[in-house]
Amino acid sequence: MKFAYRFSNLLGTVYRRGNLNFTCDGNSVISPVGNRVTIFDLKNNKSDTLPLATRYNIKCVGLSPDGRLAIIVDEGGAALLVSLVCRSVLHHYHFKGSVHSVSFSPDGRKFVITKGNLAQMYHAPGKKREFNAFVLDKTYFGPYDETTCIDWTDDSRCFVVGSKDMSTWVFGAERWDNLIYYALGGHKDAIVACFFESNSLDLYSLSQDGALCVWQCDTPPEGLRLKAPTGWKADLLQREEAEAEEEEEGQREITIRGKATPAEEEKKGKVKYSRLAKYFFNKEGDFNSVTAAAYHKKIRLLVTGFASGIFHLHELPEFNLIHSLSISDQRITSVAINSSGDWIAFGCSGLGQLLVWEWQSESYVLKQQGHFNSMVSLAYSPDGQYIVTGGDDGKVKVWNTLSGFCFITFTEHSSGVTGVAFTATGFVIVTSSLDGTVRAFDLHRYRNFRTFTSPRPTQFSCVAVDSSGEIISAGAQDSFEIFVWSMQTGRLLDVLSGHEGPISGLCFNPMKSILASASWDKTVRLWDMFDSWRTKETLTLTSDALAVTFRPDGAELAVATLNSQITFWDPENAIQTGSIEGRHDLKTGRKELDKITAKHSAKGKAFTTLCYSADGQSILAGGMSRFVCLYHVREQILVKRFELSCNLSLDAMEEFLNRRKMTEFGNLALIDQDAGEEDGVAIPLPGVKKGDMSSRHFKPEIRVTSLRFSPTGRCWAATSTEGLLIFSLDAQMLFDPYELDTSITPGRVREALHQQEFTRAILMAFRLNEKKLVQEVLEAVPREDIEVVSASLPELYVEKALEFLASSFEVSRHLEFYLIWTQKLLMSHGQKLKPSAGRLLPAVQFLQKSLQRHLDDLAKLCDWNRYNLRYALAISKQQGVKRPLDLPGVEDDGGASDEDSLHLLGGAGDEPTATAAPDCLG
């Protein structure tokens, strides 16, 4: 088994904080999610997370006008220059301070950042290779308080900056003679946004108290004059220009200091602004603060988001209200409009919501929301297409692994969900909750069709479903009992007693109806479901059991205990076969308020979740740490350690605390420095781990709550504080030959193909294991020879061929050709492959997942075409029929005409689909 798993996608969280951006074509939204960036492709219905991460949560993202580059800045002021084309980091830079916003000029030559009470303009990174991609050009002073927003004129000559000191400043990007800086007042609260009009220096400024000022400029953009240097400055400038031609990096930083009230003689001959109008969003008596805004210059559309979750659409400059809607009960943090002005994106950081609204048709293009609190459990569907997650917020969400979107949310639970499981069919989800119920959900009709309860109210901590899907069992946290129900009838079959502590985990044997239950009473009990529900065996452990899982073939049992050990047992003979000491592999961090070091606190940490790989050779383990460990079961060694997050905005990330935070009065982390701000960081209540119940914010602690391998064996998923992370095999840049010798080369393979020795060519291509070469060889085999060639393949290479076919179905257009290959291989070798079914199971499930996806897509397309054809036939038959005139007051004629149309539709084809055609007409 290969271990080259790499981070591939982030599900479960769609937006945290920061500004949203649309790509240049307007079809994708770029959303900051914690310390990562996710791109939501709205046209193709896919989400993709870039394979990069910042050290802290992302605060702002600036997109270049051509859409090729992005500058991503985190809370600490560290910036990444990212290529969105090749999805990689080009340059690292630190702005040495907290950056509030970043914006590229429309011509792409400069970009401005707002930091503290100043604005800095940099030369934008070019397309050539540079040692230092960020060169500071000018620093602009003027505002007294923090700067909040930026906007550029269309010709990139000027930019405007808003500030928390209620002032708006217009700065010249060049050394203009009649506009160096200009300060605008007129507001009574902090500036939220400011926008220039298209091809004009006229601008709008918007403050937090809901006031909009319209400013008119007496000079057009063409009226700006370049300042001509005189005297010794001219000589110096000429010398500088000569040096700049020889060495382009020889540019010096220029500082521009603005005054809020310049002298009268300074105003003469300069650009002048006057206020045309002032509008108010709030009616009398209302107070609703503006939190975000966006403006589309071409169609003059202003979108404003408020703290109450309402947004307004206004047409400027007349300030006509077009639309108003409440989309959330939390504050809208970010607003963005796409290039065509049709779609508006909203981000709500309080709920983790991302919405894309088409304002003309008044419909949602995208509506996604993650779990409000942390995710606790996850499960893969049997074909690996879907993942179900349960959270502390009581919601159960189902995610599509191909698109990355959540397509259904179940909200029936009234308390935190503790366990989720799929049945063997893949169409039923079973969940347990602290509200005292176990619920079964149907994925066909999206409804809760069974609710299982216990005779006495109890909190369920885990749930398990047997391989037939007929028996449901759940473990109680407070009564120490295991409850068993029938899926068919919903009746309670039995209550299994015997444990003396809370039940921490349940797992059914995949091959037999044996249930393993782990408890805090330092035992694992095996129950035989058919033999009067008696305890078959009791496995005594050295410490409290936290998790239990069976190997996919049911021949081995793994248990994680509180002393950081993983023990392996033979369930048939009840003997221990091995153990792994994992305390030093967890690598726990030190929390900011911990009195003891990470090394000592690690003694109390353990693995809380276990999962076998699809082939049963390896086991994944995770717990109160940012690391997930992959162990080889037979050798009992650590194979690889995966780091789930490098986000220092989470607690317990660093092994050693920063000495500068330790003062003679105590730890600086105890002081809530940002208590005055709305999104400040505050101290959690003592002992709170899953979410602070007070009104204050806190730093969530990094932990892994659940791990699952995909049935296809090609990826695994982990629920953590960051969200649902998916790691998959990266086979693109991997050269992994099989039994290679010097005689096997691409030239020899093509030579065998030329001589029409197809079997030899296929064997050589698989030994070389180059994907493109294997594809070339398989596609060169004539259709009529496939049966003979597939029958002559050795058994060892059939598995490799099936794996290749499964991966090819996802990208190739030759659907029928590959289906013939699959059919002939399975028909020829089916009986021989049966004994090694356990080893082949991941490859077959991967194949089934690919085929099922094509089946679903084609079925939808065929149904749609069939209904369209029926509709066209019905219309064509009605063209020659004269309808009687409908007289007012006569109702019988209307009914007869409806019957006629139904008869016409019925004559268009066979019976079963005739009833579906009127729905299309309706």
Side-chain angles (χ1 to χ4, degrees), residues 3 374 376-377 461-462 499 501-507 516-524 539-551 556-569 575-591 594-613 617-645 650-656 687 689-690 701-709 716 718-721:
F3 303 108
S374 58
V376 174
S377 54
S461 58
C462 49
H499 280 296
I503 313 296
S504 56
L506 292 174
C507 186
S517 61
S519 170
W520 292 6
D521 63 1
K522 301 184 183 180
T523 63
V524 169
L539 312 179
T540 308
L541 307 168
T542 55
S543 186
D544 299 7
L546 301 179
V548 62
T549 183
F550 272 101
R551 205 165 69 183
E556 191 174 66
L557 184 75
V559 185
T561 51
L562 193 60
N563 58 359
S564 302
Q565 279 191 348
I566 303 169
T567 53
F568 300 99
W569 299 78
I575 55 171
Q576 185 176 337
T577 57
S579 70
I580 292 171
E581 178 64 53
R583 179 168 291 151
H584 301 296
D585 301 328
L586 259 175
K587 287 265 184 180
T588 53
R590 183 174 178 179
K591 292 164 73 173
D594 274 355
K595 301 290 185 188
I596 56 173
T597 61
K599 189 177 178 182
H600 285 289
S601 68
K603 293 175 183 176
K605 303 290 172 67
F607 294 119
T608 55
T609 176
L610 292 176
C611 173
Y612 271 100
S613 62
Q617 291 181 12
S618 311
I619 193 164
L620 272 175
M624 298 292 284
S625 164
R626 68 182 190 274
F627 290 106
V628 169
C629 301
L630 181 70
Y631 292 99
H632 195 282
V633 176
R634 197 175 66 251
E635 303 293 338
Q636 296 176 10
I637 56 168
L638 178 69
V639 176
K640 198 164 185 179
R641 191 192 288 124
F642 300 95
E643 187 179 19
L644 292 192
S645 178
L650 301 173
D651 210 355
M653 286 295 296
E654 294 181 286
E655 194 174 349
F656 302 103
K689 292 189 187 303
K690 291 189 178 179
E701 185 181 349
I702 184 73
R703 61 197 181 112
V704 180
T705 50
S706 186
L707 290 167
R708 288 293 178 272
F709 248 100
W716 55 269
T719 53
S720 71
T721 316

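Hydrogens, waters and symmetry mates are skipped; everything else that's a heavy atom, side chains included, is used.
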What distance separates Cys629 SG from Phe607 CZ, expressed to the nearest 0.5 Å? 4.5 Å
Do Ser613 side-chain atoms and Ser618 backbone N/O form a donor-acceptor pair below 3.5 Å? yes
Tyr612 and Glu556: side-chain donor and acceptor closer than 3.5 Å? yes
Treating Thr609 as the side-chain partner and Gly622 as the backbone partner, does any N or O pair qualify as donor plus acceptor under 3.5 Å? no
Other residues, nucleotides, ligands: >12 heavy atoms within 6.0 Å of Arg641 CZ: yes
Any donor-acceptor pair under 3.5 Å linking the side chain of Thr561 with the backbone of Asp544? no
For a quick check under 3.5 Å, do Asn563 and Thr542 share a side-chain donor-acceptor pair by atom type? yes
Distance in Å, Leu541 CG paired with Gln576 CD, rounded so as to fall on 0.5 Å steps: 8.0 Å
Interatomic spacing from CG in Asp521 to CD1 in Ile503 - rounded to 0.5 Å: 7.0 Å
Can the ring centres of Trp716 and Phe642 be said to be less than 6.0 Å apart? yes
I need the Ile702 CD1 to Met624 CE distance, nearest 0.5 Å. 10.0 Å
Verify whether one side chain among Ser706 and Ser377 offers a donor that lies under 3.5 Å from an acceptor in the other. no
